[in-house]
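Every heavy atom of this structure was used, including side-chain atoms; hydrogens, water molecules and symmetry mates were not. In this chain, residues are counted from 1 in sequence order.
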Amino acid sequence: MQIEGTLEEVIFRNDENGYTVAVLSHNKTPVTIVGKMIAANVGENLTLEGEFVHNKKFGYQFAFSNYEITLPQTLSGIEKYLASGLIKGVGPVTAKNIVKTFKADTFSIIEMAPERLTEVKGISKNKAYDIAAKFSELKSIQNAIMFLQGYNITVGMALKIFDVYGSKTVEIVKRNPYRLVEDVDGIGFLTADRIAKSIGIPADSAFRARAGIVHCLTNSTEKNGNTYLPKAMLISNAAELLGLHELEDEQLFEQVLDELVEDKTCMDFWHEKVEIIMLTKFYRYEYSIAQKLCLLANASNMTKFDVSSEIADFELRNKVEFHADQKRAIESAVNNGVSIITGGPGTGKTTIVKCIIEILNNHKESVLLLAPTGRAAKRLSDSTGQEAKTIHRALEVNGEIEKGSRFVHNENNPLEVSAVIVDEVSMVDVMLMSSLLKALPRDARLVLVGDKDQLPSVGAGNVLGDMLKSEVFPVAMLTKIYRQTDDSLIISNAHLINNGVMPVIDNSSKDFFFEQKTELNEIHSTIIDMVTKRIPAYLKIEPSQIQVLAPLKAGVCGIDNLNRTLQEILNPPSRFKTELTVGTTIFREGDKVMQTSNDYNLVWQKRNGFVMEEGEGIFNGDIGQIERIDYQTGETTVVFEDGRACNYARTDLGELSLAYAITIHKSQGSEFDVVVIPIIAGTSMILTRNLIYTAVTRAKKMVVLVGEKKNLRRMVANAYTVKRFTMLTSLIKEQEKKIKELFN
C-alpha cells in the first residue's frame with residue numbers, strides 16, 4: 001500500500017546504511033515509519049510504499065521498502081526543510097530569512113540563481129554557492145535513488161550504487177547498466193539485464209555479452225569453487241544465459257573476450273592443452289600462493305634440528321608413544337619451510353601439533369596457531385593449551401579496504417612470527433590463503449594440518465588438494481587410529497565410510513546410532529523428537545549442544561524446514577521476546593543464528609577480563625545467539641560463541657540465518673557434541689561419500705543418522721567428487737622449477 005505525508009521528525013537514523021525511524025504527518029495524523037532512506041530531511045513530502053506492522057512495544061508502524069520525495073510546497077514546509085540541518089551553515093534563523101526574502105521561489109533561486117542568496121543578511125557569496133552545491137548534490141542523490149527504485153532496486157542497494165558512481169549514477173546506468181555487474185558488489189546479471197531490457201539495449205549488445213561472460217565466471221567461482229573455466233565451456237554457458245547461439249554469435253563472444261583480456265579483467269591461457277579463461281584476481285591469488293609457498297619451502301637460511309631426543313622427552317612426559325609416521329611428521333614440520341600433515345579423526349594430529357609447538361618453542365621460535373573459523377580456533381586452543389586465532393583475526397581486518405589491502409598485515413607489514421601452524425586447512429580458499437602467505441616473513445615455517453578427504457573449501461580453489469597433487473612439499477599421511485575406545489564407533493565408522501565401507505550401525509555402541517525411517521515426514525519428525533526430547537534426556541544435555549547437519553537447504557528434511565520447526569519448539573513466540581521478520585525468516589530473541597557471508601565492516605566488541613576489545617569482521621560460518629532486538633530501530637545484537645557481540649542494523653539481517661540446522665558444507669571446521677543427520681535420497685552429485693564423512697567427523701560425543709540404510713549405502717559407495725578447475729598445482733610446479741634453476 002501507499003501513504004503520503006510530510007516528514008515531521010527523525011527519531012533514529014543510521015548514516016552508514018540509511019536505516020531510518022521517523023514520524024510522518026499523514027492526513028494530519030502522526031505515523032511512525034521505518035525503512036531505508038537516502039536522507040531523512042524534515043519538511044520533505046514523501047510517498048511511501050510498504051505495509052503497516054504491529055509492534056507490541058511501539059504500536060503500529062509503517063515499514064516501507066520504496067519511497068518518492070517531492071520538495072515541500074508551503075512556505076512553512078520550505079522553512080522547516082532548510083532548517084533541518086540538511087545544508088551546512090543554514091540554521092533556523094537563516095532558513096527563516098531566506099524564505100522571508102524569496103517566498104515560494106526559494107528553491108528555484110537556490111538552484112538557478114544562487115548569487116541572489118547574498119541578499120539575505122549573513123550570507124556571503126562563498127556561502128551562497130556552498131548552499132547551492134549542497135542542494136544540487138542532494139537533488140542528484142534523490143534523483144538517482146528514485147531512478148533506481150523504478151527498476152525494483154532496493155534503497156540499500158541504490159545507496160551502494162550511488163557510492164560507486166556518485167552524481168553520474170543515472171547517466172552511467174542508462175548508458176550501460178551492465179557495468180553494475182562488475183562495479184557493484186551484490187548486483188547480479190539478472191538485475192542489470194532487467195534494467196537493460198526496459199531501457200531498450202539489444203539482446204546481442206556487446207555490453208550484455210560482456211556482463212554475461214563475467215557473470216558465468218563469477219557464478220562458477222562462487223557456486224562451484226572454480227578459479228577458471230575452459231573457454232569452450234564458458235562460451236557455451238554464456239550463450240545459454242544470454243539466449244544467443246555460441247556458433248552464430250561466435251564473433252561477438254571473441255570480440256568481448258578480447259576486450260576483457262585487454263583491460264585485464266580476465267586472462268587467457270593454454271592449460272593442459274585446453275584454452276581457458278580466468279578472472280585476473282583469481283590468477284593473482286593462485287600465482288601469489290604458488291610463489292610464496294615455493295619461496296618458503298626453499299628458504300636458504302632454514303635451521304635444521306635433530307629432534308629425536310626432544311620427541312623422546314615429550315613421549316615420556318606425556319605418556320604417549322609416537323608411531324614412526326608420526327615422528328617423521330614432527331621432524332618434517334620443524335625442519336622444512338613448508339610441510340603438510342593430513343589424516344582423519346583419531347590419527348594423532350593434535351598430539352603431533354603439541355609436540356611441534358614445544359620443540360619450536362625450545363628453539364626460541366615464536367609459533368602462531370591459526371584456523372579458518374572461530375570454532376576451529378577454539379578447538380585448537382583447547383586441545384593444545386595454546387592461544388589459537390582465526391586467520392582473519394591474526395591478519396586484522398583493514399577497515400579502509402579501498403585504500404589498500406583487505407588486511408592490516410600483508411607483504412608490507414608482515415606478522416612478527418617465525419612459525420605458523422594452520423589447522424583445518426582444507427577449508428581455506430585461495431583468497432584467504434593468498435592473504436595469509438603475503439603476511440608471512442620470508443623465513444617463516446609453515447605447517448598445514450588437515451583432512452584431505454573432507455569437503456573442499458566453500459570459497460574458490462582447492463588449496464590443500466592442489467598442494468598435495470603438486471608433490472612439491474613434504475607430506476605426512478597419517479592412517480593409524482589412536483583415539484578410539486572399545487565402545488565408541490564415531491572414529492572407526494568415519495574411517496570405514498572414508499574407505500567406502502558401510503559403517504557399523506547395530507546401535508550397540510554408546511555414540512553411533514541409526515534410526516530407520518522411510519518417509520520424509522517421518523524422518524523430519526524423528527529428527528525433531530531426537531533434538532528436543534530424546535537425546536537431551538539420554539545424555540542429560542541441553543538441545544543447544546545438539547547440531548542438525550543436513551545435505552540440502554530445501555525440502556521436508558532441508559535446513560529451512562527443520563529450522564522453522566525447531567525454532568517453534570525450542571524458542572517459541574512469547575510476549576517477553578521481541579521478534580521481527582526478514583523475508584520469510586522470523587528472527588526472535590534467543591534464536592541460534594549463523595553468519596552466512598564474510599562481512600569485513602561489521603564492528604564487534606568483546607570483553608577480555610577488564611578490557612573491552614573492539615574489532616571489525618564477522619565471517620561466514622560464525623554461530624551465535626540473538627541477545628536483543630530493538631524493534632523500533634530494528635537493531636539486533638548477536639553474541640557469538642567466542643564472546644564477540646555485534647549489532648546488526650535491521651537491513652543487515654539478511655546476512656544471518658537460523659542455525660538450529662545448518663548444511664554440512666557450513667559445518668566444516670566445527671565440532672559439536674552431538675550431530676543429527678537426515679539420510680535421504682537425492683542426486684549423486686550432492687549426496688557423496690565425502691559429504692557424509694565430513695558430517696560424521698563433526699561429532700565429539702554422538703552421531704545419530706535418521707533415514708533409510710539403502711540411501712546411506714549409496715552415499716558411502718558414491719566416491720564422486722566435483723572436479724574444480726584450478727591452476728594452483730601447475731603454478732606451484734612452475735615456481736618450484738624457476739627457484740631450482742635460480743639456485744642451481
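Partners of Glu396 according to the side chain to side chain contact (heavy atoms under 4.5 Å, CB included) rule, which considers only residues two or more places apart in sequence or in another chain, are Val408, His409. Every residue two or more places apart in sequence or in another chain that forms a side chain to side chain contact (heavy atoms under 4.5 Å, CB included) with Pro441 is listed here: Val417, Asp443, Ala444. Partners of Glu358 under the side chain to side chain contact (heavy atoms under 4.5 Å, CB included) rule, at least two apart in sequence or in another chain, are Phe314, Arg317, Asn362.
With hydrogens and angles ignored, the 3.5 Å screen pairs a side-chain donor or acceptor of Glu315 with a backbone N or O of Phe322. Of the possible donor and acceptor atoms, one in the side chain of Asn718 sits under 3.5 Å from a partner among the backbone N and O of Ser684. Side chain of Ser667 to backbone of Ser670: no donor-acceptor contact under 3.5 angstrom is found. A side-chain donor-acceptor contact under 3.5 Å links Arg375 to the backbone of Glu671. Put simply, the side chain of Thr221 never gets that close to the backbone of Thr227: no donor and acceptor are under 3.5 Å apart. Side-chain atoms of Asn410 come within 3.5 Å of backbone N or O of Asn413 as a donor-acceptor pair. With hydrogens and angles ignored, the 3.5 Å screen pairs no side-chain donor or acceptor of Ser434 with any backbone N or O of Met431. Under a 3.5 Å cut-off, the side chain of Asp673 and the backbone N or O of Met702 do not form any donor-acceptor pair.
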Which pairs would a plain distance check flag for residues 469-481, meaning a side-chain donor or acceptor within less than 3.5 Å of a matching protein atom at least two apart in sequence or in another chain?
| from | atom 1 | to | atom 2 | distance (Å) |
| --- | --- | --- | --- | --- |
| Ser470 | OG | Met467 | O | 2.7 |
| Ser470 | OG | Val472 | N | 3.3 |

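Ser308 and Asp306 share a side-chain donor-acceptor pair at under 3.5 Å. Using modelled atom types and a 3.5 Å distance limit, the side chains of Asn498 and Asp453 yield a donor-acceptor pair. No hydrogens or angles considered: nothing links the side chains of Lys354 and Asn318 as a donor-acceptor pair under 3.5 Å. A donor and an acceptor atom, one from each side chain of Thr726 and Asp466, are located under 3.5 Å apart. If you check the side chains of Glu387 and Ser381, you find no donor sitting under 3.5 Å from an acceptor. When only modelled atom types and interatomic distance are considered, Gln547 and Lys592 share a side-chain donor-acceptor pair under 3.5 Å. If you check the side chains of Lys666 and Asn620, you find a donor sitting under 3.5 Å from an acceptor. In this structure, a donor-acceptor pair under 3.5 Å is present between the side chains of Glu655 and Gln595. Checked by atom type, the side-chain pair Asn690/Tyr720 shows no donor-acceptor distance below 3.5 Å.
Side-chain contact between Tyr287 and Leu728 is absent, with no heavy-atom pair separated by less than 4.5 Å. Side-chain contact between His271 and Ser730: present, with at least one pair of heavy atoms (C-beta onward) separated by less than 4.5 Å. For the pair Leu370 and Ile421, the minimum side-chain heavy-atom distance is 4.5 Å or more.
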Q: Tell me, with the steps shown, if Ile391 and Val422 meet side chain to side chain contact (heavy atoms under 4.5 Å, CB included).
A: CA-CA 8 Å; Ile391 299 173; Val422 185; 4.2 Å; yes
Q: Determine, stepwise, if the pair Ser220 / Asn226 fulfils side chain to side chain donor-acceptor pair (under 3.5 Å).
A: CA-CA 6 Å; Ser220 171; Asn226 299 316; 2.7 Å; yes
Q: Would you check, one step at a time, whether the test ring-ring contact (aromatic ring centres under 6.0 Å, His included) holds for Tyr283 with Tyr228?
A: CA-CA 8 Å; Tyr283 174 78; Tyr228 74 82; over 10 Å; no
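Residue pairs meeting the salt bridge (Lys or Arg N to Asp or Glu O under 4.0 Å) criterion with at least one partner in residues 414-434, sequence neighbours excluded, are Arg379-Glu424, Glu424-Arg698. Annotation: salt bridge (Lys or Arg N to Asp or Glu O under 4.0 Å) contacts involving residues 324-335, sequence neighbours excluded, comprise Asp325-Arg328.
His665 NE2: 12 or fewer foreign heavy atoms inside a 6.0 Å radius.
When each of Ile618, Val639, Val603, Leu602 is tested with Arg644 by the rule side-chain contact (heavy atoms from CB on, under 4.5 Å), just one qualifies, namely Ile618.
Ring orientation note: the planes of Tyr600 and Phe407 are nearly perpendicular, at an angle over 60° on the 30°/60° scale.
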